[in-house]
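Notes for the one structure printed next.
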Amino acid sequence: PSWPTTASRGMFFVFEGLDRSGKSTQSKLLAKHLETVGPVKWMCFPNRETATGMLIDLYLRKKIDLPDEAIHLLFSANRWEASRMIVDELGRGTHVVCDRYAFSGVAYSAAKGLDFEWCRAPDVGLPTPDGVFYLHVTPSEGAKRSAFGDERYENTAMQTRVREEFKRPALKERVAWRDVDGSREVGVIHDEIKATVDAIRLAEQENGHRPI
Ligand code: T5A
Ligand code: NA
């Protein structure tokens with residue numbers, strides 16, 4: 001889908017990170033903050049409610065097995081199911097805040113050994129975010145949070161490989177990627193993200209783009 005040409009489109013922010021890094025907490029806080037300036041749509045991937053999402057949920061809960069390539073394409077399809085809606089919301093001036101996106105798709109599948117470029121291909125053409133916040137949590141801080149559950153990637157070996165994949169420069173080229181220290185207190189992290197987002201919004205307004 002192509003970007004709407006209107007000068008008043010909403011802004012699109014994505015949160016990425018390892019399991020338990022605080023993405024849900026921080027993405028919901030940012031959505032709440034943006035509600036003070038206009039309409040906001042919060043969403044998450046995988047969206048387990050859709051046709052592809054139901055299969056993804058079964059796979060993550062280890063109820064079904066799928067080849068690595070097949071589940072990778074399902075995660076991408078799960079985003080494509082929402083792509084038109086994202087473009088439409090932004091076109092209406094709604095800000096979109098998203099908990100995980102294509103960067104998780106590539107990092108988790110590449111961590112399993114799939115080719116990086118192969119992993120990236122199916123997501124090419126999805127709406128590009130205006131900003132990505134990557135929440136860093138040290139392994140020791142992560143371990144202090146609630147224990148790993150039973151889902152498929154919730155183990156130290158996998159998380160360690162995913163952490164390395166998220167460091168790849170090629171993952172973040174052509175996108176406004178910001179590393180955020182997610183080991184601090186919830187409110188401190190939110191204040192930093194809020195300040196960044198407000199600065200981006202004001203710059204856009206001054207440049208005459210996307211007035212909000
Ligand atoms: N996946 C996903 C793929 O393989 N390919 C893909 O394309 C996509 C999109 C499911 C899995 O799917 C994989 C990645 C995942 O393994 P999910 O449903 O998003 O993805 O599951 P998780 O990311 O594991 O969700 P979590 O809820 O575990 O992590 P969050 O959202 O990062 O963390 P959050 O905010 O829920 O916080 C976790 C805990 O920490 C506390 C919270 O209160 C909560 O208890 N917390 C803090 N504690 C101290 N200090 C802070 N700053 C804190 N922030 C939060
Ligand atoms: Na989450």
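Ligands are counted one by one from 1 in listed order, and the atoms in each one are counted from 1 as well. Values reported hereafter were calculated over all heavy atoms of this structure, with side chains retained and with hydrogens, waters and symmetry mates removed.
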Heavy-atom distances under 4.0 Å decide this one: backbone, side chain, both or neither, for [X] against ligand 1?
{"X": "Arg79", "value": "side chain"}
{"X": "Arg145", "value": "side chain"}
{"X": "Leu60", "value": "side chain"}

Atoms in ligand 1 flagged as close to [X], the criterion being non-hydrogen separation under 4.0 Å:
{"X": "Ser21", "answer": "32 (O)"}
{"X": "Arg48", "answer": "10 (C), 18 (O)"}
{"X": "Pro46", "answer": "2 (C), 9 (C), 20 (O)"}
{"X": "Phe45", "answer": "9 (C)"}
{"X": "Arg184", "answer": "50 (N), 51 (C), 52 (N)"}
{"X": "Ile189", "answer": "52 (N)"}
{"X": "Thr25", "answer": "34 (P), 35 (O), 37 (O), 55 (C)"}
{"X": "Lys23", "answer": "23 (O), 29 (O), 30 (P), 31 (O), 32 (O), 33 (O), 35 (O)"}

Exercise. Give a yes/no on ligand 1: does Gln26 have at least one heavy atom closer than 4.0 angstrom to it?
Key: no
Quiz item: Are Tyr153 and Tyr108 near enough that their ring centres are under 6.0 Å apart?
Solution: yes
Practice problem: Taking the six-membered ring for Trp and the full ring for Phe, Tyr or His, determine whether the centres of Tyr101 and Phe12 are under 6.0 Å apart. | Solution: yes
Quiz item: Among the clusters formed by ILVMFWY side chains lying less than 4.5 Å apart, do Val137 and Leu18 turn up in the same one?
Solution: no
Quiz item: Hey, quick one: are Trp80 and Tyr59 part of the same hydrophobic cluster, counting side-chain heavy atoms closer than 4.5 Å, chains of contacts allowed?
Solution: yes
Practice problem: Anything under 30° is parallel, anything over 60° is perpendicular, the rest tilted; go ahead and classify Trp177 against Phe166. | Solution: tilted
Quiz item: Mind checking whether His33 and His190 have parallel, tilted or perpendicular rings, split at 30° and 60°?
Solution: perpendicular
Quiz item: Are any of the N/O atoms in Ser24 less than 3.5 Å from those in ligand 1?
Solution: yes
Exercise. From the options Arg152, Arg100, Lys112, select the one whose nearest heavy atom is closest to atom 21 (O) of ligand 1.
Key: Arg100
Quiz item: Out of Tyr108, Phe75, Phe103, who gets a non-hydrogen atom closest to atom 12 (O) of ligand 1?
Solution: Phe75
Quiz item: Between Ser109 and Asp68, does any side-chain donor sit less than 3.5 Å from a side-chain acceptor?
Solution: no
Quiz item: Does the side chain of His136 come under 3.5 Å of the side chain of Asp181 through a donor N or O and an acceptor N or O?
Solution: no
Quiz item: Cation-pi between Arg100 and Phe15: NZ/CZ under 6.0 Å from ring centre and within 45° of the ring axis?
Solution: no
Quiz item: Given the rule in the side chain to side chain donor-acceptor pair (under 3.5 Å) test, do Glu81 and Asn47 qualify, once you have shown the distances and angles that lead to the verdict?
Solution: CA-CA 10 Å; Glu81 283 178 327; Asn47 175 356; over 6 Å; no
